[in-house]
Amino acid sequence: MTRLYRGRFAPSPTGPLHFGSLLAALASWLDARAHQGVWLVRMEDLDPPREVPGAAQQIISALAVHGLESDEPVLYQSQRLPAYDLQLEQLRARDLLYPCSCNRQRLHQLGRVYDRHCLAQPPSATASTALRLRLPSPDTPIRFVDAIQGPQQQIPAQDFGDTILKRKDGLHAYQLAVVVDDIYQGITHVVRGADLLEVSARQHVLFEILQATPPHWAHIPVINNLSGQKLSKQNHAPALDLSRPTYNLFHALRLLGQQPPETLLAADIATLLSWGVTHWHIQQVPRRPHCTDPLFSH
Ligand SMILES: [Zn+2]
């Protein structure tokens with residue numbers, strides 16, 4: 001039996017919606033609608049120092065201007081801390097969690113795979129520690145087929161190691177929260193930016209450890225600006241011009257490899273979105289961005 005399609009868009013409220021996130025939101029919305037599925041918005045507001053007051057509401061409003069509205073109330077990760085702690089307790093009870101006191105410098109020298117130093121030599125009870133997942137089968141390859149990027153494989157022991165689930169500063173790690181919430185919301189399909197492709201395997205493992213079915217993954221190309229940087233709030237991507245949602249959606253569709261006719265530039269957003277759903281072909285989404293657009297040059 002196929003599960004009912006449930007997809008989501010999960011922005012961090014670190015600034016206004018920019019074009020790169022509209023692209024991810026639109027792709028996940030179109031894929032959900034083309035499957036008669038449910039589409040949700042989840043606010044990843046787990047990292048207060050990085051957040052901008054009012055950004056969450058701004059993002060929700062900007063999505064609404066483009067006709068993209070969550071089918072269920074927006075879930076705020078800041079309201080979910082007890083659920084994350086509960087999962088940590090359960091992992092601890094299964095002996096799948098250990099404290100790590102290694103400092104930034106040591107971790108930097110190690111590179112991306114942690115050497116389990118603190119599993120062998122537990123830190124003192126008074127040390128400030130992060131909590132790491134003890135991967136139960138680090139040598140078992142993780143394999144999945146991404147609907148856009150194709151077959152993927154990573155070997156935990158070589159490619160990522162024991163992931164931090166709670167940070168030294170006491171904040172829950174993104175990797176934990178995202179998986180716990182995808183399970184909680186019954187997410188079956190994740191369509192998001194390819195900058196997150198690399199962490200999908202470690203999330204895949206965590207789904208399995210938490211005895212849940214991992215979602216189907218699809219990673220859309222990350223749009224670069226003219227200087228080759230990812231379009232994101234961190235490098236000051238311009239906020240979307242909310243006065244021209246049809247134009248924004250039209251160009252987003254084109255960048256997603258769909259071919260809306262020029263006549264739709266004069267259409268309303270409902271007509272454009274409806275065209276998008278009817279003509280959505282995820283196979284046409286390019287693996288890498290293949291054009292730049294005047295939108296990104298200013
Ligand atoms: Zn350590």
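Positions are given from 1, in the same order as the sequence printed here. Computed from a predicted model, the values in this text were never measured in an experiment. Scope of the values below: all heavy atoms of this structure, side chains included, with no hydrogens, waters or symmetry mates.
Arg42 places no side-chain N or O within 3.5 Å of a backbone atom of Gln185 that could act as its donor or acceptor partner. Remark: side-chain polar atoms of Thr129 are not paired, donor with acceptor, to backbone N or O of Pro99 under 3.5 angstrom. Of the possible donor and acceptor atoms, none in the side chain of Gln79 sits under 3.5 Å from a partner among the backbone N and O of Gln77. Asp139 places no side-chain N or O within 3.5 Å of a backbone atom of Ala157 that could act as its donor or acceptor partner. Side-chain atoms of Gln258 come within 3.5 Å of backbone atoms of His281 as a donor-acceptor pair (strictly under, hydrogens ignored). A donor-acceptor pair is defined here as one N or O able to donate and one able to accept, closer than 3.5 Å; such a pair exists between the side chain of His18 and the backbone of Gly20. The backbone N or O of Leu17 lies less than 3.5 Å from no partner atom in the side chain of Ser21, so there is not a single donor-acceptor pair. Arg254 places a side-chain N or O within 3.5 Å of a backbone atom of Pro260 that can act as its donor or acceptor partner. Under the 3.5 Å distance criterion, the side-chain polar atoms of Thr188 are matched with a main-chain donor or acceptor of Arg6. A donor-acceptor contact shorter than 3.5 Å is absent between the side chain of Asp71 and the backbone of Leu40.
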| request: Could you check Thr14 against Ser12 for side-chain hydrogen bond (donor to acceptor under 3.5 Å, both in side chains), going step by step and ending with a plain yes or no? | output: CA-CA 6 Å; Thr14 51; Ser12 309; 5.4 Å; no
| task | In sequence, state the C-alpha distance, the side-chain angles, and the governing distance for Met43 and Leu75, and then conclude on side chain to side chain contact (heavy atoms under 4.5 Å, CB included). | result | CA-CA 6 Å; Met43 205 50 71; Leu75 186 71; over 6 Å; no
| task | For side chain to side chain contact (heavy atoms under 4.5 Å, CB included), just list the numbers for Glu72 and Val38, CA-CA rounded to whole Å, side-chain angles, deciding distance to a tenth of an Å, and then say yes or no. | result | CA-CA 9 Å; Glu72 294 173 11; Val38 169; 4.0 Å; yes
| Run the side chain to side chain contact (heavy atoms under 4.5 Å, CB included) check on Leu255 and Phe19 step by step: do they pass? | CA-CA 11 Å; Leu255 284 166; Phe19 191 80; 3.3 Å; yes
| message | Is there a side chain to side chain contact (heavy atoms under 4.5 Å, CB included) between Trp39 and Arg33? Walk through the geometry before answering. | response | CA-CA 8 Å; Trp39 186 74; Arg33 285 294 182 265; 4.0 Å; yes
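Considering all non-hydrogen atoms of both residues, Trp280 and Ala27 come closest at CZ2-O, 4.0 Å. A pairwise comparison of heavy atoms in Ile148 and Ala218 identifies CD1-CB, 4.1 Å as the closest pair. Across every non-hydrogen atom of Tyr76 and Asp45, the tightest pair is CD2-OD2, 3.5 Å. Residue Pro156 comes nearest to Thr140 through the heavy atom pair CD-O, 3.1 Å, listed as atom of the first residue, atom of the second, then distance.
The NE2 atom of His35 lies 6.0 Å from the OH atom of Tyr5; values are rounded to the nearest 0.5 Å. Here the straight-line distance linking atom CG of Leu107 with atom NE2 of His117 works out to 10.5 Å at 0.5 Å rounding. From Leu273, atom CG reaches atom CH2 of Trp29 across 4.5 Å, with rounding to the nearest 0.5 Å. Distance SG/Cys100 to CG/Leu165: 11.5 Å, rounded to 0.5 Å. In this structure, CD in Glu198 is found 10.0 Å from CG in Leu196, a value given to the nearest 0.5 Å. One finds the CG atom of Leu249 at 5.5 Å from the CG atom of Leu22 (value rounded to the nearest 0.5 Å).
Between Leu110 and Arg106, the closest side-chain pair of non-hydrogen atoms falls below 4.5 Å. Using a 4.5 Å heavy-atom threshold, the side chains of Arg134 and Leu119 count as touching. Here the side chains of His172 and Leu81 are in contact, with some heavy-atom distance below 4.5 Å. Side-chain atoms of Pro138 and Arg116, non-hydrogen and from C-beta on, do get closer than 4.5 Å to each other. Side-chain contact between Cys102 and Cys118 is present, with heavy atoms from C-beta onward closer than 4.5 Å. Within the 4.5 Å cutoff, side-chain heavy atoms of Asp182 are placed close to those of Phe207. Between Gln284 and Leu256, the closest side-chain pair of non-hydrogen atoms is not below 4.5 Å.
Partner of Ser200 under the side-chain hydrogen bond (donor to acceptor under 3.5 Å, both in side chains) criterion, chosen from Gln149, Arg192, Gln154, Gln152: Arg192.
Taking the charged nitrogens against the carboxylate oxygens, Arg92 and Asp85 have no contact shorter than 4.0 Å, which rules out a salt bridge. Checked for salt-bridge contact, Asp181 and Arg8 miss the test: no charged N lies under 4.0 Å from a carboxylate O. Remark: Arg202 does not engage Asp159 in a salt bridge, criterion side-chain N to carboxylate O under 4.0 Å.
A cation-pi arrangement, defined by a distance under 6.0 Å to the six-membered ring centre and an angle within 45 degrees of its axis, is present between Arg132 and Tyr114. Both cation-pi conditions hold for Arg80 and Tyr184: the charged atom is under 6.0 angstrom from the six-membered ring centre and inside a 45 degree cone around its axis.
Residues forming a side chain to side chain contact (heavy atoms under 4.5 Å, CB included) with Thr246 (at least two apart in sequence, or on another chain): Ile269, Leu272. Every residue meeting the ring pair (Phe, Tyr, Trp, His ring centres under 6.0 Å) condition with His279, not counting sequence neighbours, appears here in chain and number order: Trp275.
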If you look only at distance, which donor and acceptor atoms sit under 3.5 Å apart when one is on a side chain in residues 51-64 and the other is two or more places apart or in another chain?
{"residue": "Glu51", "atom": "OE2", "partner": "Leu46", "partner atom": "N", "Å": "3.2"}
{"residue": "Glu51", "atom": "OE2", "partner": "Asp47", "partner atom": "N", "Å": "3.0"}
{"residue": "Ser61", "atom": "OG", "partner": "Gln57", "partner atom": "O", "Å": "2.9"}

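The aromatic rings of His204 and Trp217 are tilted relative to each other, their planes meeting at an angle between 30° and 60°.
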